[in-house]
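Here is how names work: the chains are called A, B, and so on, in the same order as the sequence lines, proteins then strands, and each is numbered from 1.
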2 protein chains.
Amino acid sequence: MPSKNLMAERRRRKRLNDRLSMLRSVVPKISKMDRTSILGDTIDYMKELLERIRQLQEEIEEQQQQETPGVLSVFRELNPNEMLARNTPKFDVERKEGGDTRVEIYCAAKPGLLLSTVSTLETLGLDIQQCVVSCFNDFGMHASCSEVLPPPLSLLDY
Amino acid sequence: MPSKNLMAERRRRKRLNDRLSMLRSVVPKISKMDRTSILGDTIDYMKELLERIRQLQEEIEEQQQQETPGVLSVFRELNPNEMLARNTPKFDVERKEGGDTRVEIYCAAKPGLLLSTVSTLETLGLDIQQCVVSCFNDFGMHASCSEVLPPPLSLLDY
DNA sequence: GTCTACACGTGAAAC
DNA sequence: TGTTTCACGTGTAGA
């Protein structure tokens, strides 16, 4: 009775077919029910998933790059010619007792500067209590801020 | 000579083995070289990829929810009690000829209000030329804006 | 009748 | 040595 190997081979074939059925149930795109087609569709589907992941990661990186670069980067991103062509930038910070801080900024106008400046002050823990902004040729900003430790409602938290 | 079917079956087996090899080359986690193990690892890997995609989409949605909600939502998000407890909000927009627009805002303080307001004005195509902001109890903002059609450098683009 | 895809049992190789 | 896995040729059933 050589049915030892026979039964083993039957069980093996059944295992393989079961896995194949599982695969067919996971992959949504099934062109044909062929074993070969199932494997081929599986490969294509996996590549699509990888591509999808790549796109999503790219999208996330794009969104993270849209984050406010900070006001200091403004000076960094000005090339030397721009620096010389315009009036000398000014970036004064006067810190009084009690956490009151006065910030004074003059520099060349640059896209996103106001937003990034406000956002940077917020990041630094400085709440704008009052500020005056003007921009005709260059960018100018005076801001009176207060440090936020336990945040009582203040402007930049709003 | 019955080798017609024989060769066909051989080609079929070769196709299937080729697909299996491709699958093994795509799936990074190969525990064993078994046919059964290869299919099992493939299923596990696909589930990991789907889970990864789910996490990435979740992350993107979180980031998108952090986007500036816009200044108008401030009024919407104030519940009736808050509305009655505070002074009546004021949201005046005076538009003069030539695209010059004066915006005046008074309302209850709210986290992110300054940033969302500036961002909203930018979205509306209004470049802030001058603005005064104060926030002690409530939030107040006066802004002189100009419409941006062909954008000459202006404050909100900076 | 051809062509295709599958299941089956068996022998052999690997561990 | 036995167990497991694979390749092989064949029979069969559906288009």
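- Pairs of residues two or more places apart, or lying in two chains, that qualify as salt bridge (charged side-chain N to carboxylate O under 4.0 Å, His left out) and include a residue from residues 17-37 of chain B are B/K14-B/D18, B/K29-B/E48.
- Protein atom CG of A/L6 is 10 Å distant from nucleotide atom P of C/dC8, rounded to whole Å.
- Between B/E51 and B/K47 there is no salt bridge, since none of the side-chain N atoms of the basic residue sits less than 4.0 Å from a carboxylate O of the acidic one.
- Distance B/R24 CZ to D/dC6 P: 11 Å, rounded to the nearest Å.
- Heavy-atom minimum distance, B/Y45 versus B/V26: CE2-O, 4.4 Å.
- Taken residue by residue, residues 12-22 of chain A places heavy atoms nearer than 4.0 Å to DNA chain C at A/R13, A/N17.
- Listed in residue order, the members of residues 34-42 of chain B having a heavy atom less than 4.0 Å from DNA chain D are B/D34, B/R35.
- Residues passing the salt bridge (charged side-chain N to carboxylate O under 4.0 Å, His left out) test with B/R102, sequence neighbours excluded: B/E94, B/E104.
- Using modelled atom types, no side-chain atom of A/S37 and backbone atom of A/M33 make a donor-acceptor pair closer than 3.5 Å.
- Remark: B/R10 is in phosphate contact with D/dG9, judged by side-chain N or O atoms under 4.0 Å from OP1 or OP2.
- In this view, B/R11 satisfies the side-chain hydrogen bond (donor to acceptor under 3.5 Å, both in side chains) rule with no residue, not counting sequence neighbours.
- Hydrophobic clustering keeps B/V132 apart from B/F139 (ILVMFWY residues linked when any side-chain heavy atoms are closer than 4.5 Å, directly or through intermediates).
- At a threshold of 4.5 Å between side-chain heavy atoms, the hydrophobic network of Ile, Leu, Val, Met, Phe, Trp and Tyr places A/L23 and B/L20 in one connected group.
- When all heavy atoms are compared, the tightest approach of B/I60 to A/E59 is CD1-CD, 3.7 Å.
- Closest approach of B/D100 to B/S146, counting heavy atoms only: OD1-CB, 4.0 Å.
- At whole-Å resolution of the value, CE in B/M7 and P in C/dT2 are 18 Å apart.
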Under 3.5 Å between N/O atoms: give me all the protein pairs with nucleotides 11-15 of chain C, atom names plus distance.
none

